[in-house]
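No experiment lies behind these values; they were computed from the predicted model shown.
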Amino acid sequence: MTGPALSPGVPFATSSSEVSWPEAPLPLTAPARPGAWLLLTDEHPAALGRAVALALALAAAGDDALSLPRDDLDELPGFLAERPVRGVVFLTGAPYVYHDPEAAQELLLAVLEVVARLGPGVRFRLLTQSGGEPGLLFLRGLVRVLAVERPELRASLVDFDARSDLEFLVRELRADAPDDDVRWRHEVRYAARPARVPFAAEVPGGPGAYVVTGARGPAIARWLAATGATRIVLSGRNTVVVPGVETVAVPGDIAAPGVAERLVAAATADGLPLRGMVHAAEALADDVETVWRPQVLGAHRLHEATADCPPDWWLLCSSPAPARMASATADAWLAAFAAWRRARGLPATTVHWPAPAPLAMDLPDFAC
């Protein structure tokens, strides 16, 4: 979303939070003594295959690899007490398996089942081959929360590509490096580092149609109206009257089938172009399903509904409670989803909107 703004535009902060990926070679250390590892999966075929391959690679390095069926997770604490291991490794399946938000949610719940049964003294790692898939990259949010809530686990996410030999993953595990978000690309190791980058000062406003979701819809609508919007379509029970601007309310749950399509149809009626969307649907709760439904599944529904008429821009609003597990993982999914869309030439930007204050006050900061 670059280039000149239309009308007065919609102002935002001129910098964004982003993650940089500098090279981070593993430290040179003395060879680790042989040990044992517990390899777990969500039992998708590709995950099971990778677990077998990693077990063989660990054996070649002199380590043992143990496994525990998912149905026996209740025995995990006793299993670890009887068999000291250097770490617990959870491997995921092929990226496409988790593209549906409900499948990604099932993965999260499976991982949380494991985390809940881990005691101190055992490092926890997630191994993914994401290919940029949001349904796997959202696990970054989980790792960030675990760093605060369960620091003794020293949780980390290791994402590798198809060209990275398993030998390098074995080195990653045995090195026990402190990085908690790592990428292996073409057998080169990178580690996540926070960064601040400049961003376009304005999101184009002006004539056209806009779709807005979430309880803050009326405030956002007044804000868009000031830029010259022609029509603003709001989801749910939101209603607002703005002089000179057509406003339409479309009832229904944004995550339910057909609601996103009705929103887009109402916005583009009579051939009006869809200029922008603000997805601010949220749920303040602790359980994953309640939080993910409006934020994650709702965003996916809008993505599908605009396949034939993509907007000029799309803002995806993060949760006002990012420290919670459910919200942090939903926010991480949105950030990865925005990057996934941009990689395909489609607009999307995540924005931190920490409080439901009037939009005429301080405006949010971007996280691309």
Side-chain angles (χ1 to χ4, degrees), residues 34-59 63-94 97-98 100-130 135-136 138-159 169 173-174 176 180 285-293 296 323-330 332-333:
W37 303 85
L38 178 58
L39 307 185
L40 303 174
T41 76
D42 57 0
E43 301 192 349
H44 280 291
L48 292 170
R50 287 172 184 154
V52 171
L54 181 57
L56 293 173
L58 286 167
D63 287 356
D64 294 327
L66 310 173
S67 64
L68 187 69
R70 188 175 177 184
D71 291 341
D72 295 335
L73 274 183
D74 286 340
E75 301 177 14
L76 182 58
F79 184 94
L80 293 175
E82 296 172 1
R83 305 167 181 81
V85 299
R86 297 182 59 186
V88 173
V89 182
F90 191 104
L91 297 95
T92 61
V97 171
Y98 310 101
D100 187 294
E102 292 177 333
Q105 181 178 302
E106 290 178 6
L107 170 63
L108 174 58
L109 295 176
V111 174
L112 290 177
E113 283 185 331
V114 173
V115 169
R117 291 166 172 81
L118 294 178
V122 177
R123 185 167 186 181
F124 180 61
R125 289 183 175 89
L126 290 155
L127 261 59
T128 62
Q129 188 174 340
S130 70
L136 287 171
F138 80 86
L139 292 169
R140 290 173 180 162
L142 170 62
V143 168
R144 292 173 192 145
V145 173
L146 289 178
V148 176
E149 295 186 354
R150 299 286 306 276
E152 74 279 5
L153 295 180
R154 299 170 58 219
S156 62
L157 175 64
V158 180
D159 187 60
L169 294 183
L173 295 178
R174 301 182 98 228
D176 200 31
D180 62 5
D286 291 323
D287 66 289
V288 171
E289 184 176 359
T290 299
V291 173
W292 274 51
R293 182 172 177 82
V296 175
R324 296 176 177 175
M325 179 71 70
S327 298
T329 51
W333 189 95

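Residue pairs satisfying the ring-ring contact (aromatic ring centres under 6.0 Å, His included) criterion with at least one member in residues 138-157, sequence neighbours excluded, are listed as follows: F138-W292. Pairs engaging residues 102-115 under the salt bridge (charged side-chain N to carboxylate O under 4.0 Å, His left out) rule: R70-E113 [sequence neighbours left out]. Among residue pairs with one or both ends in residues 119-130, those qualifying as salt bridge (charged side-chain N to carboxylate O under 4.0 Å, His left out) are R123-D176, R125-D176; sequence neighbours excluded.
Partner of L91 under the side chain to side chain contact (heavy atoms under 4.5 Å, CB included) criterion, chosen from D42, L48, L54, L40: L54. Of the residues L109, V114, L107, the one that meets the side chain to side chain contact (heavy atoms under 4.5 Å, CB included) test with V111 is L107. The side chain to side chain contact (heavy atoms under 4.5 Å, CB included) test with L118 is passed by exactly one of L38, L146, L76: L76.
Heavy-atom minimum distance, P84 versus A36: O-CB, 4.1 Å. Of all the heavy atoms in D180 and A155, the pair that sits closest is CB-O, 3.5 Å. Across all non-hydrogen atoms, the minimal contact from L39 to A51 is CD1-O, 3.5 Å. Between L153 and G119 the shortest heavy-atom distance is CD2-O, 3.8 Å. Taking every heavy atom of both residues into account, A330 and V291 meet most closely at CB-CG1, 4.1 Å. Nearest heavy-atom pair across L136 and S130 is CD1-CA, 3.6 Å.
Here the straight-line distance linking atom CG of D64 with atom CG of L58 works out to 9.0 Å at 0.5 Å rounding. The distance from the CG atom of L157 to the CG atom of L139 is 6.0 Å, given to the nearest 0.5 Å. A distance of 9.0 Å separates CD of Q129 from CG of L169, quoted to the nearest 0.5 Å.
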Please determine whether side-chain contact (heavy atoms from CB on, under 4.5 Å) holds for the pair D286 and R324, giving the CA-CA distance in whole Å, both sets of side-chain angles, and the decisive distance to 0.1 Å. CA-CA 7 Å; D286 291 323; R324 296 176 177 175; 3.5 Å; yes

Let me see the working for L142 and L112 under side-chain contact (heavy atoms from CB on, under 4.5 Å), right down to the final yes or no. CA-CA 9 Å; L142 170 62; L112 290 177; 3.8 Å; yes

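Looking at residues two or more places apart in sequence or on another chain, you find a side chain to side chain contact (heavy atoms under 4.5 Å, CB included) between E289 and Q105, D287. With sequence neighbours excluded, the residues satisfying side-chain hydrogen bond (donor to acceptor under 3.5 Å, both in side chains) with D74 are R117. Residues satisfying the salt bridge (charged side-chain N to carboxylate O under 4.0 Å, His left out) criterion with D63, sequence neighbours excluded, are R86, R174.
The side-chain heavy atoms of R150 and F124, taken from C-beta on, include no pair separated by under 4.5 Å. Inter-residue side-chain proximity for F90 and V88 is flagged as unmet; no heavy-atom pair is nearer than 4.5 Å.
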